[in-house]
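Everything below concerns the one structure shown next.
We're numbering straight along the sequence, starting at 1. Atom set for the values below is all heavy atoms of this structure, side chains included, hydrogens, waters and symmetry mates excluded.
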Amino acid sequence: FQGRQQMSRRYDSRTTLFSPEGRLFQVEYAMTAITNARAAVGILAVDGVVLAAEKKITSKLLETKKSFEKMDRIDHHIITAVAGITADANILINHARLAAQRHTLTYGEPVPVEQLVQQVCDLKQGFQHRCE
């Protein structure tokens, strides 16, 4: 069993490295994480956007004052909803907030949503390339 476990570790460091059985362990890990994630939905309407997120209740007996929120404000005109691994999302949210503040300080106007989305996507793509 231990030999098999050590062999699987050799193949779980990259998304493009197949194990001898033809498995991509990183993809399997990601799929497991996604199945445990809660849903977040955005609906575009004529006069605005509606965001909704499923709240995870760990125990009906545990009532805490602090709860994890799946929605975060990026700027006064941009809000995001998180679906998936929150640690990864927090990195992207912090990057988006800094980029929005930099734009506002530099140009004296709010960052265009499309421009901010492109910057976040570029960052995410960079992470993906470094993992391969």
Side-chain angles (χ1 to χ4, degrees):
F1 174 73
Q2 191 171 5
R4 185 174 175 88
Q5 190 177 25
Q6 286 176 344
M7 185 169 54
S8 70
R9 287 188 186 143
R10 289 189 295 184
Y11 299 101
D12 68 353
S13 62
R14 297 191 179 264
T15 57
T16 57
L17 191 59
F18 287 90
S19 73
E21 297 88 24
R23 297 172 61 184
L24 286 171
F25 289 108
Q26 285 292 322
V27 173
E28 290 179 19
Y29 299 153
M31 295 299 289
T32 302
I34 289 170
T35 58
N36 294 331
R38 301 293 181 235
V41 177
I43 301 171
L44 177 63
V46 175
D47 56 348
V49 175
V50 176
L51 290 176
E54 183 180 9
K55 184 175 181 178
K56 182 178 181 179
I57 299 172
T58 55
S59 172
K60 293 184 181 194
L61 300 175
L62 179 64
E63 184 68 31
T64 60
K65 297 291 179 195
K66 183 181 177 188
S67 65
F68 171 73
E69 298 297 328
K70 294 183 67 95
M71 295 189 203
D72 288 288
R73 182 179 297 274
I74 303 294
D75 202 0
H76 69 86
H77 67 297
I78 302 173
I79 295 175
T80 185
V82 175
I85 301 172
T86 56
D88 292 346
N90 289 336
I91 292 170
L92 297 175
I93 289 168
N94 288 336
H95 174 78
R97 285 178 176 153
L98 288 172
Q101 290 172 2
R102 256 187 256 114
H103 187 278
T104 301
L105 288 172
T106 303
Y107 300 105
E109 63 183 28
V111 65
V113 176
E114 295 83 5
Q115 181 178 335
L116 186 62
V117 169
Q118 185 63 54
Q119 289 177 9
V120 171
C121 290
D122 290 345
L123 177 69
K124 184 69 175 151
Q125 186 68 26
F127 285 142
Q128 189 66 28
H129 283 299
R130 282 190 289 255
C131 290
E132 294 177 356

- Query: Between I78 and L116, is any pair of side-chain heavy atoms under 4.5 Å apart?
  - Reply: yes
- Sequence neighbours left out, what passes side chain to side chain contact (heavy atoms under 4.5 Å, CB included) with A53? Give chain and number order. A40, K70, M71
- Message: Taking ring-ring contact (aromatic ring centres under 6.0 Å, His included) as the cut-off, I'd like each qualifying pair that reaches into residues 81-101, sequence neighbours left out, listed once.
- Response: none
- Side chains of Q115 and Q119 in contact at under 4.5 Å (non-hydrogen atoms): yes
Listing, residues 96-105 side-chain donor-acceptor contacts under 3.5 Å, not counting sequence neighbours, or none:
{"unit_1": "R97", "atom_1": "NE", "unit_2": "R73", "atom_2": "O", "d": "2.9"}
{"unit_1": "R97", "atom_1": "NH2", "unit_2": "R73", "atom_2": "O", "d": "3.2"}
{"unit_1": "H103", "atom_1": "ND1", "unit_2": "E109", "atom_2": "O", "d": "3.2"}
{"unit_1": "T104", "atom_1": "OG1", "unit_2": "A100", "atom_2": "O", "d": "3.0"}

- Item | side chain to side chain contact (heavy atoms under 4.5 Å, CB included) involving V117 - partner list, sequence neighbours excluded | V113, C121
- Message: So if I apply the side-chain contact (heavy atoms from CB on, under 4.5 Å) rule between L92 and each of V120, T80, V82, I74, which one comes out positive?
- Response: V120
- List the atom of G42, the atom of L51, and the distance in Å for their closest heavy-atom pair. CA-CD2, 3.7 Å
